[in-house]
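For reference, the structure discussed in these notes is given below.
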Amino acid sequence: LRSNAYLQRAFFHQTRLRLVVNDLTDAVPDPAALGNLYRLAQAQPTLANPLFRRLVTETTTTMSSSFQKTKYRHGLYEYSLLHAAKDSLRATQLLPGSAQAYLR
């Protein structure tokens, strides 16, 4: 059945989505490092503006590209699951006596 192929594709997209989500969580700055940066900014106010500007620009660009990748992978995963469900449902409607249509 085509639904099996769509499910295999969905499984592939799910594994890729998990990898992208893990990369996204790795891109989030460590709270301890942010606390140290804040303490440094309090101790050296002249360094605060360049430090925070650099942190914000690096984090923003990384997070933006990671978010786009996550959104794209989630769309592929959702699309393949939807088509697997539709194809499986259609198979049960067209072949109500076939046990193979009910397996997935």
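Along the sequence shown, residues carry numbers from 1. These numbers were taken from a predicted model, which means no experiment stands behind them.
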Q) Could you give all pairs that pass the ring-ring contact (aromatic ring centres under 6.0 Å, His included) test and reach residues 27-78, with sequence neighbours left out? A)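 The answer is none; no pair qualifies.
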Q) Quick one: side chain to side chain contact (heavy atoms under 4.5 Å, CB included) partners of L82, sequence neighbours excluded? A)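 L82 satisfies side chain to side chain contact (heavy atoms under 4.5 Å, CB included) with K86 once adjacent residues are dropped.
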I need the [X] [atom1] to [Y] [atom2] distance, nearest 0.5 Å.
X	Y	atom1	atom2	answer
S64	K69	OG	NZ	11.0 Å
Q42	L37	CD	CG	11.0 Å
L7	S88	CG	OG	7.5 Å

Q) Is S80 reaching over with its side chain to a backbone N or O of L76, donor-acceptor style, under 3.5 angstrom? A)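 Yes: the side chain of S80 pairs with the backbone of L76.
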Pairs under 3.5 angstrom only: tabulate donor-acceptor contacts from the side chains of residues 13-23 to other protein residues two or more places apart or in another chain.
unit_1, atom_1, unit_2, atom_2, d
T15, OG1, F12, O, 2.7
N22, ND2, R18, O, 3.3

